[in-house]
2 protein chains.
Amino acid sequence: MTASILIVEDEPAIQELLAFNVNQCGFKAIQALDVMSATRLINHALPDMVLLDWMLPDTTGVEFARRLRADQRTRNIPIIMLTARTEERDKVMGLESGADDYITKPFSPRELMARIRAVLRRRMPEMSEETVSAGGVELSPTTHRVSAKGVKLDLGPTEFRILHFFMTHPERVYSRTQLLDQVWGDHVFVEERTVDVHIRRLRQALEPSGLDILVQTVRGSGYRFSPG
Amino acid sequence: MTASILIVEDEPAIQELLAFNVNQCGFKAIQALDVMSATRLINHALPDMVLLDWMLPDTTGVEFARRLRADQRTRNIPIIMLTARTEERDKVMGLESGADDYITKPFSPRELMARIRAVLRRRMPEMSEETVSAGGVELSPTTHRVSAKGVKLDLGPTEFRILHFFMTHPERVYSRTQLLDQVWGDHVFVEERTVDVHIRRLRQALEPSGLDILVQTVRGSGYRFSPG
DNA sequence: TCGCCGCTGTCATGTTACTGTCATAATTCT
DNA sequence: AGAATTATGACAGTAACATGACAGCGGCGA
């Protein structure tokens, strides 16, 4: 689920610097020294974003950006332009060519990362924010509040996520492994028995209102949320 | 933070007239003569509102409005439609283009501004200039004054903006990133932890009146203003 | 022009609350 | 009963947050 970022930059030193920073921040850097190889890489697999140098040996960055924007397949890939000059004219041209943002060299790694994240954030849809209600429990992701039979209750982050997942997937049994994947995230190494403990904590929080019965154990299989 | 308003209008004379009036009223006018450049501008930075001509050379205003509404990122931007004749009103309404309001040409600057303010008040509360009051705190954007339980208190500019944003968006939890976007501005590069510090300063200012409890920490998520 | 002062963003350090793991008790099944 | 599975309580490590200190910046008046 980590975003891949195609870096198109002919200067090897800057190329490496960019790749290092991008990788450092948890993205996957894909490197191209010119437009031709960039095109090949894009044909092979679409990146989630393109970091594009303004000046390139064969085609200019602006021209390449224009081509990306023209092609239906690549139209929606965000582009950040790297430009050496600070003149307003270049900025305008960069934006005219369809770049989402631009950054002038020299730049700090921090600023670069901030811009990358900002652009990705603008493009990425938000997760579900609907208030869920079932079996006397109400959970609102936006206010991050939970109430059982009208009484506010206090959950830790993990218990909150488990409950949210359960309420949006009621009645169905989930194994510990599935819960780890869904609630903790795919590639996390956590002991399976840890799930038990968090289920316990969730039940404890629901206990005062008597709604702990909604979280049911299915021996040999896992757990289930059953609003009845 | 002044609201930025994107004006999409192909007639240069009217474009300028609109821009002049918008700027005159303390907003920031961003100008586009057609849908294509409007799209580019929006990709770069989201405006707080769109003033949209009904008839445009390339895509019609309605079509553009529909696209804005379809995209998760732009869904919540208020739109005001400009139409040439009264009879278009029904069409605009009937087509459900998603506009928040419409205004027929010719229009008086006064009327235009009134509608802009009305829509902003409805859709972007923190942009309007009205005095907000919640949980014993009163904040007046125009005079830049804040009082807690009747006692006047003294805030720095940033703390003022945070509090204003919070008061116009109560109960909802905002991540540090979201707060940076909303209070600092879209592409400002500031360390996330800086938010903590300003929250601290805001709480410190509220402390004497005991209202610092209104600013709540939601561990793992962000902060929330809860007037109870 | 200079120095003062308030505001800002960052860092280092202190504090708190959550997490994951284990050991052990309590179930349930065969 | 014995085996397998789950419940529960305790605990240490740690991630997330709070707080205080500080240097840089910009505005403002002397």
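Note on naming: letters A, B, ... go to the chains in the order of the sequence lines (proteins, then strands), and numbering restarts at 1 for each one.
Map B:Thr194 and A:Asp154 each onto its nearest nucleotide of DNA chain C; the residue landing nearer the 5' end is B:Thr194. Where A:Arg200 and A:Val218 each meet DNA chain D at their nearest nucleotide, the meeting point lying more 5' is that of A:Val218.
Side-chain N or O atoms of B:Glu159 include none that pairs as donor or acceptor with a backbone N or O of B:Leu202 at under 3.5 Å.
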### Task
Check the pair B:Ile30, B:Ile7 against side-chain contact (heavy atoms from CB on, under 4.5 Å), reporting the backbone distance first and the verdict last.
CA-CA 6 Å; B:Ile30 302 170; B:Ile7 304 171; over 6 Å; no
### Message
Using side-chain contact (heavy atoms from CB on, under 4.5 Å), reason through B:Val146 and B:Lys152 one step at a time and then give a plain yes or no.
### Response
CA-CA 6 Å; B:Val146 187; B:Lys152 184 165 162 280; over 6 Å; no
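Each end of the helix from C:dT1-D:dA30 to C:dT30-D:dA1 gets its own axis from five base pairs, and the two axes differ in direction by 20°, given to 10 degrees.
Between the NE2 atom of A:His144 and the P atom of C:dC18 there is a distance of 11 Å, rounded to whole Å. We find that NE2 of B:His198 is positioned 14 Å from P of D:dA18, with the value rounded to whole Å. Distance B:Ile162 CD1 to C:dC7 P: 14 Å, rounded to the nearest Å. Look at CZ on B:Phe189: it is 19 Å from P on C:dT8, rounded to the nearest Å. Atom pair B:Asp196:CG and C:dT16:C1' shows a separation of 14 Å (rounding to whole Å applied). The CG atom of A:Leu180 sits 11 Å away from the C1' atom of C:dG20 (whole-angstrom rounding). Between A:Ile199 atom CD1 and C:dT19 atom P the separation is 13 Å, expressed in whole Å. Between the C1' atom of C:dT19 and the CZ atom of A:Phe160 lies a distance of 18 Å, rounded to the nearest Å.
At a cut-off of 3.5 Å, with distance as the only test, no side-chain donor of A:Ser140 or B:Arg172 sits close to an acceptor on the other residue. No hydrogens or angles considered: a donor-acceptor pair under 3.5 Å links the side chains of B:Thr177 and B:Glu192. With 3.5 Å as the limit, one finds no donor-acceptor pair spanning the side chains of A:Thr143 and B:Glu171. No donor-acceptor contact under 3.5 angstrom links the side chains of A:Arg176 and A:Ser221, judged on distance only.
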Just the atom pairs and distances: protein N or O near nucleotides 22-29 of chain C's N or O, under 3.5 Å.
unit_1: C:dT28; atom_1: O2; unit_2: A:Arg219; atom_2: NH2; d: 3.2

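Using a 4.0 Å heavy-atom cutoff across all strands shown, B:Arg201 reaches at least one base atom of the nucleic acid. Across all strands shown, B:Thr217 has heavy atoms under 4.0 Å from sugar-phosphate atoms exclusively, and none from any base. At a threshold of 4.0 angstrom between heavy atoms, the contacts of A:Glu192 with the nucleic acid are absent. Counting any heavy atom pair closer than 4.0 Å across all strands shown, B:Tyr223 reaches sugar-phosphate atoms only and no base atom.
Within a heavy-atom distance below 4.0 Å of DNA chain C, no residue of residues 202-216 of chain A is found.
Contact between the side-chain N/O atoms of B:Trp184 and the OP1/OP2 oxygens of C:dG9 is found at a separation under 4.0 Å.
A:His144 and A:Phe160 have parallel rings, their planes meeting at less than 30° on a 0 to 90° scale where 60° marks the start of perpendicular. Between B:Tyr174 and B:His169, the ring-plane angle classifies as perpendicular under the 30° and 60° cut-offs.
The minimum heavy-atom distance linking A:Glu191 with A:Leu180 is given by the pair O-CD1, 4.3 Å. Closest heavy-atom contact between B:Gln31 and B:Ala19: NE2-CB, 3.4 Å. Contact record, B:Val215 with B:Leu206: CG2-CD1, 4.0 Å, taken as the closest heavy-atom pair.
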